[in-house]
Number of protein chains: 2
Amino acid sequence: MTDTAPGTANRTPTRRYGTRPTMKDVAARAGVGLKTVSRVVNGEPGVTPDTERRVQEAITALGFRRNDSARILRKGRTASIGLVLEDLADPFYGPLSRAVEEVARAHGALLINGSSAEDPEREQELVLALCARRVDGLVIIPAGHDHRYLAPEMAAGIATVFVDRPAGRIDADAVLADSFGGSHDAVAHLIAHGHRRIGFLGDLPGIHTAAERLRGYHAAMSEAGLPVHDAWVSLGPTDPERVRTAATAMLDAAEPVTALFAGNNRVTVTVVRVLAERPAPATPVALIGFDDFELADLLSPGITVIAQDSAQLGRTAADLLFRRLDGAGGDPRRLVLPTRLIPRGSGELPPPATS
Amino acid sequence: MTDTAPGTANRTPTRRYGTRPTMKDVAARAGVGLKTVSRVVNGEPGVTPDTERRVQEAITALGFRRNDSARILRKGRTASIGLVLEDLADPFYGPLSRAVEEVARAHGALLINGSSAEDPEREQELVLALCARRVDGLVIIPAGHDHRYLAPEMAAGIATVFVDRPAGRIDADAVLADSFGGSHDAVAHLIAHGHRRIGFLGDLPGIHTAAERLRGYHAAMSEAGLPVHDAWVSLGPTDPERVRTAATAMLDAAEPVTALFAGNNRVTVTVVRVLAERPAPATPVALIGFDDFELADLLSPGITVIAQDSAQLGRTAADLLFRRLDGAGGDPRRLVLPTRLIPRGSGELPPPATS
DNA sequence: TAGCCCCTGGACAACGTTGTCACCGCCGGG
DNA sequence: CCCGGCGGTGACAACGTTGTCCAGGGGCTA
């Protein structure tokens, strides 16, 4: 009684506000043993219909709901998985997250997710918080490059699958899109349409996908025997200001690029804006973007993209995760999903005739 | 030993795979008491630097990580909140979810979220699962219209805030956008530009926002003394097929509508597609959409929209939730956030001169 | 030097559930 | 009539942590 707030003592004579009935309360009210309540709640066999009815009545009368915290502590499994990604608000990650959730749901698990905001420290903090909660598994879109901090957790049985980018300095399952191949295809496509001076606007070079896409760009250029000017490549944060500046510089150079390859959806959108704002040139600048985005087909011209199915990425990763949780052993696997070039017009524009 | 997998017995002599060290193990290894370990782990005062060092060493040596399940059970607070929305993959909910997450993070809480897929049963299932986990609070974008099932949970202390749509048949906090006002503004805007026959393409009439937007449409029309033909209003699922059919019917009628008001972002996008696919009419059809969406400004014409800030919606709801959790009392509140008309061209198109 | 207090550290119960095991009464068979 | 078995039920420990309480020792003051 001593820790009962004075004001609430009279309002709820039987139990304090915020205190919920437990199985013990239900048992007492139904006049049965604790374990019998447990059996009823979990649908275990071995309870007379009459007893069950009495217990059910007590449950509804008291508004009892099983405390899963205690259940989890006892059983050791939390039936929940963690998802750490860069930014839930990014249209690329929404479908991915939803796909992971659907798979989790099919396995009766809940999804706890957090955004790292591309900050390695925040990623680690989040991941370890999830480990402390003893999630059964983790799906991680890594922001950092060193995941050795995860080794003890994985050794302790927390299944982990990396998505979109591989783990750093540890061996772990990963599900990736074919950034190199997709990028190569895009640049080759532009070259096939006659372009020789192609600019690449990419994400921070430390990000695995950005590096791979740059590699694909270089590979396609060199396969075609084309030189790459330093001024044609710009890597950095994807905020509109930087992209805008970089794109403008490439387009206004003495020998301007005739085509642009944008390294991800945010960059593509900014480039579209930049191109739209410039006075219409005699020959429009060709553009291909990595990642598809809604309405890309409705712009004029439609934006040619390298599409990767982010939902499929998430689904594949979650499937792999649950296979691991179901006991699938073997060495860490790396799955690479293909990308697809969707021509819509902007990537098929020819270079100026003079070029 | 009997339940140790044969292959792992030799690899981990001291403990089975999947079993983690506990504070007891740490205490034993450090040669201190259990509670001392607890003090170190939680940064509580009253431990000599030397003792603390020994404990820290034992912690890293064993790879110990506090089991938050047990902590939660003991403390009664989970430091996590649940978010139930319709579809994480929807660009409207991504920013909302992210905003809720940020607020939660600022309060040291994790976010568990789930998609109801607009299915009341699934919503209830999810919400109750979250209650069983004893989340501290809930942010709900309701799919159903009867939330009496939540009453016992709320009485037991789970703070709950509804977003985007109010709760059904119970009294609860709600944060809404001004659907009626925004809708009214949109239609008035079209009327001001000379339109008399305006079509409304809305979501399922059971959804609160859809009903409110319809109400705003009717209000604006009747204020202007304009009649509303049955054929000008179409409510239903927002899948492209239905919207396409409905829009086409309105546009091909004997007395076709000269302007369309789309009830949400999915509808707007489909309508834009429909209009783009039709042979260009002498006078283009005016269009205003509820919800802003990326690239709306880059289409030609730009799409005039009624913008509601979904991130702000989420932030406001989460703020309110944590104020409740911090003990703020008082009656349930209903906050209504304003919408904003953003003219971009499509809503300013005049009707045909003959009209 | 005696007495007291503070500081550190540990023993123990409790959180609410589930798994194990034992008990009770009743049945059929010997 | 007794015994074995079985279906139904409950007592009890354990999961890993935190809060409460107490003990012991060292330093300080009177």
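Order of the sequence lines sets the chain letters (A, B, ...), proteins ahead of strands, with each chain counted from 1.
Applying side chain to side chain contact (heavy atoms under 4.5 Å, CB included) to B:Val100 and the options B:Asp319, B:Leu111, B:Leu321 leaves one that passes, B:Leu111.
Listed by chain and number, the residues in a side-chain hydrogen bond (donor to acceptor under 3.5 Å, both in side chains) with B:Glu52 amount to none (sequence neighbours excluded). In this structure, the salt bridge (Lys or Arg N to Asp or Glu O under 4.0 Å) partners of A:Asp173, at least two apart in sequence or on a different chain, are A:Arg324.
Listed by first and then second residue, the ring-ring contact (aromatic ring centres under 6.0 Å, His included) pairs involving residues 103-138 of chain A are A:His107-A:Phe322 (not counting sequence neighbours). Pairs engaging residues 147-160 of chain A under the salt bridge (charged side-chain N to carboxylate O under 4.0 Å, His left out) rule: A:Asp146-A:Arg148, A:Glu153-B:Arg20, A:Glu153-B:Arg65 [sequence neighbours left out]. Among pairs with a residue in residues 106-121 of chain B, those fulfilling salt bridge (charged side-chain N to carboxylate O under 4.0 Å, His left out) read B:Glu118-B:Arg165, at least two apart in sequence or across chains. Sorted by first then second residue, the salt bridge (charged side-chain N to carboxylate O under 4.0 Å, His left out) pairs that include residues 93-117 of chain A, not counting sequence neighbours, are A:Arg98-A:Glu102, A:Arg98-B:Asp87, A:Glu101-B:Arg122, A:Glu102-B:Arg122, A:Arg105-B:Glu125.
The stretch residues 26-39 of chain B touches DNA chain D through B:Leu34, B:Lys35, B:Ser38, each having a heavy atom within less than 4.0 Å of the strand.
Protein chain A touches strand DNA chain D; the 5'-most and 3'-most nucleotides with an atom under 4.0 angstrom of its non-hydrogen atoms are D:dG8 to D:dG16.
Using a 4.0 Å heavy-atom distance criterion, A:Asn42 is classed as a sugar-phosphate-only contact. Note on B:Thr51: only backbone sugar-phosphate atoms sit closer than 4.0 angstrom, heavy atoms only; bases stay farther off.
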Just list the side-chain donor-acceptor pairs under 3.5 Å for residues 126-133 of chain A, sequence neighbours left out, or say none.
unit_1	atom_1	unit_2	atom_2	d
A:Arg133	NH1	B:Thr78	O	3.1
A:Arg133	NH1	B:Ser80	OG	3.4
A:Arg133	NH2	B:Thr78	O	2.7
A:Arg133	NH2	B:Ala79	O	3.1

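The 5' end of DNA chain C is approached more closely, in terms of each residue's nearest nucleotide, by B:Gly46 than by the other of B:Gly46 and B:Ala70.
Between the P atom of C:dT8 and the CD atom of B:Glu44 lies a distance of 13 Å, rounded to the nearest Å. Rounding to whole angstrom units, NZ of residue B:Lys24 and C1' of C:dC12 are separated by 13 Å.
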